[in-house]
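Keep in mind that this is a model prediction, so the values were computed, not measured. Naming: A, B, ... by sequence-line order, numbering from 1 per chain.
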2 protein chains.
Amino acid sequence: MMEKKESNITDWDKWTKLISEEYGVNLDKTDQETEKQKRILEAALHFFAEKGYSGTSTSMIAERAQVAEATIFKHYKSKKGLLLRLVIPALGKVATPYLIRSVLNIIDQDKPLYQLAQEIYADRVHKIEANWDKVRLILVESLFHPELREALKNHVLKAIYEVMSERIEELKAAGRIRQDIPTHALIRSFMSIALGYLIARNFAPEIMAQGKEEEELAWMAEIALYGVAGPAEKELWREKEE
Amino acid sequence: MMEKKESNITDWDKWTKLISEEYGVNLDKTDQETEKQKRILEAALHFFAEKGYSGTSTSMIAERAQVAEATIFKHYKSKKGLLLRLVIPALGKVATPYLIRSVLNIIDQDKPLYQLAQEIYADRVHKIEANWDKVRLILVESLFHPELREALKNHVLKAIYEVMSERIEELKAAGRIRQDIPTHALIRSFMSIALGYLIARNFAPEIMAQGKEEEELAWMAEIALYGVAGPAEKELWREKEE
DNA sequence: TCAGTTAGTGAGTGATCACTTACTTACTTT
DNA sequence: AAAGTAAGTAAGTGATCACTCACTAACTGA
């Protein structure tokens, strides 16, 4: 297991190095930035998220950041380099064992599954909502930039899937998660419910996410674990099972 | 109920008229189109879906459609007009009672809920997969075009929600759907599972949608109705209930 | 027959695009 | 204090953008 993680990290590092050389972006020293660099990144994220990468011009970014357009190109060789500077470090954080472990720490607690599910939903939803602009940017732009799509799939999604499926298998063996459905479908559905909630919250809360966040998270955990069926249909199911 | 539907249609018609005048697009005679017009629409959908609206130039469309660039503007006054010509009739079909009723026809059958859920999933997934490019285009561009977002929310989503919630309430009253969770959360979670599947299929099938389509749809219905919890946790739940 | 309409286009339009060049300013190093 | 270096920018660059104009060709109805 340790080896697996290390090889993932190496893959990720190799990939970032390759990309950063191709586009001439420095992805290492993301902590020692000028005031103006920070303003450029803020402005870029603002417009990329609102209008999309293609719908944003470097002059718009320069104006909002109150810098000359040439300053942008001084620091991030190209417009795409700027996008990658925003997106890749964010992906790196997610792919990192650190963040994945925060979910595992919840799963490994000795509590009823319902409480674990609710805690996981709360943890992920809060983290994603706090960075909703960036998450949306990554998801949308991965549709149009093949390298981003690859990274999201082969580094982030795969890492999450591998770590989660390990625990799901354990829970299956303990009879705490149903064994008649493949792990990937269980994970996908569990995550879909959170994704749907996030979209609803940000797109049409007054129709599809009317409750308080706490309540919604509790309902999501209820549905994910026990389904939407009422007592009458549950009886049918019990009969079918036996 | 009849009145409600009619008023929805009127709203939709009013809205389309307003928009088509604002952007000078003819959205009525979508069936009597020239050969070249069809080629333009095909090329536009192709690039809009692949590169996004902003990432597509009218010259690209003209080249693929094998027409002069000016021909595009002869028929669709502006680039945005072309987008709306692609998107609005498609939205209209979804908002139409006809398509909504195809789901209701399934619900109204006298079968176990599990079979109904599976049939609904199959019906919607197949229809959406057949038009995946267009669906993706609508969802993505609604992020960047406020009028599209409004239309999707206030005409399509609302219409679907109202019709579905009516049936859910009935099923709740009959004890076939659980009554302790609000309708909007039930509908949202049910639809989220399908959305998640569609995304997985088109984005990372080898990780998150490994099964045959038939199998996946059955698993989705199982999870939506009865949840992911295994027998051990179901016992906990039954105790909690009593 | 001929005026009116529609489909279609080649050759442009100014505006804006991402990006470069040549330069100044300010700070650091020796 | 001299030399080097990084930050920052005004003023461009050619290419491409969405869109227009003036025109031809083909068809339609009176």
Rounded interatomic separation in angstrom, taking CD from B:Glu35 and P from C:dT9: 13 Å

Sequence neighbours excluded, every pair satisfying ring pair (Phe, Tyr, Trp, His ring centres under 6.0 Å) that has a member inside residues 15-38 of chain A: A:Trp12-A:Trp15, A:Trp15-A:His155

Might you list the N or O atoms of the protein lying below 3.5 Å from N or O atoms in nucleotides 13-22 of chain C, with each pair's distance?
from, atom 1, to, atom 2, distance (Å)
C:dC17, OP1, A:Ser57, OG, 3.3
C:dC17, OP2, A:Ser59, OG, 3.3
C:dA18, OP1, A:Thr56, O, 3.1
C:dA18, OP1, A:Lys79, NZ, 3.0
C:dA18, OP2, A:Thr58, N, 2.9
C:dA18, OP2, A:Thr58, OG1, 3.0
C:dC19, OP2, A:Lys79, N, 2.6

Neighbours of DNA chain D within residues 81-90 of chain B, by heavy-atom distance under 4.0 Å: none

Atom-to-atom span, CD of A:Glu63 to P of D:dT9 - whole angstrom: 14 Å

Whole-Å gap separating C1' (D:dA25) and NZ (B:Lys36): 12 Å

Pairs meeting criterion ring pair (Phe, Tyr, Trp, His ring centres under 6.0 Å) with involvement of residues 129-151 of chain A, two or more places apart: A:Tyr53-A:His145

Axis bend over the full length of the helix from C:dT1-D:dA30 to C:dT30-D:dA1, computed from five pairs that close each end, to 10 degrees: 10°

Atom-pair distance (CD on A:Glu33; P on D:dA6), nearest Å: 17 Å

What donor-acceptor contacts under 3.5 angstrom involve side-chain atoms of residues 86-93 of chain A, with partners at least two apart or in another chain?
none

Set of side-chain hydrogen bond (donor to acceptor under 3.5 Å, both in side chains) partners for A:His46, sequence neighbours left out: A:Glu50, A:Arg64

side-chain hydrogen bond (donor to acceptor under 3.5 Å, both in side chains) against A:Lys74, all qualifying residues, sequence neighbours excluded: none

Between D:dG8 (P) and A:Ile72 (CD1): distance, integer Å: 12 Å

Donor on one side chain, acceptor on other, B:Tyr197 and B:Glu129, under 3.5 Å: no

Ring pair (Phe, Tyr, Trp, His ring centres under 6.0 Å) partners of residues 57-78 of chain A, not counting sequence neighbours, each pair once: none

side-chain N/O B:His75 vs C:dG8 OP1/OP2, d < 4.0 Å: yes

Touch class at under 4.0 angstrom, heavy-atom based, for A:Thr34 against every strand present: sugar-phosphate

Polar side chain donor-acceptor pair, B:Arg39 to B:Thr71, under 3.5 angstrom: no

Euclidean distance, atom CZ of residue B:Phe47 to atom P of D:dA18 [Å, nearest integer]: 12 Å

Interatomic distance, B:Lys38 NZ vs C:dG8 P [rounded to whole Å]: 12 Å

Residues in side-chain hydrogen bond (donor to acceptor under 3.5 Å, both in side chains) contact with A:Ser57, at least two apart in sequence or another chain: A:Ser59

Separation of C:dT6 P from B:Asn26 CG (nearest whole Å): 12 Å

Under the side-chain hydrogen bond (donor to acceptor under 3.5 Å, both in side chains) test, residues paired with A:Glu35 that sit two or more places apart: none

Non-neighbouring partners of B:Ser165 that pass side chain to side chain contact (heavy atoms under 4.5 Å, CB included), sequence neighbours left out: B:Tyr161, B:Thr183, B:Ile187

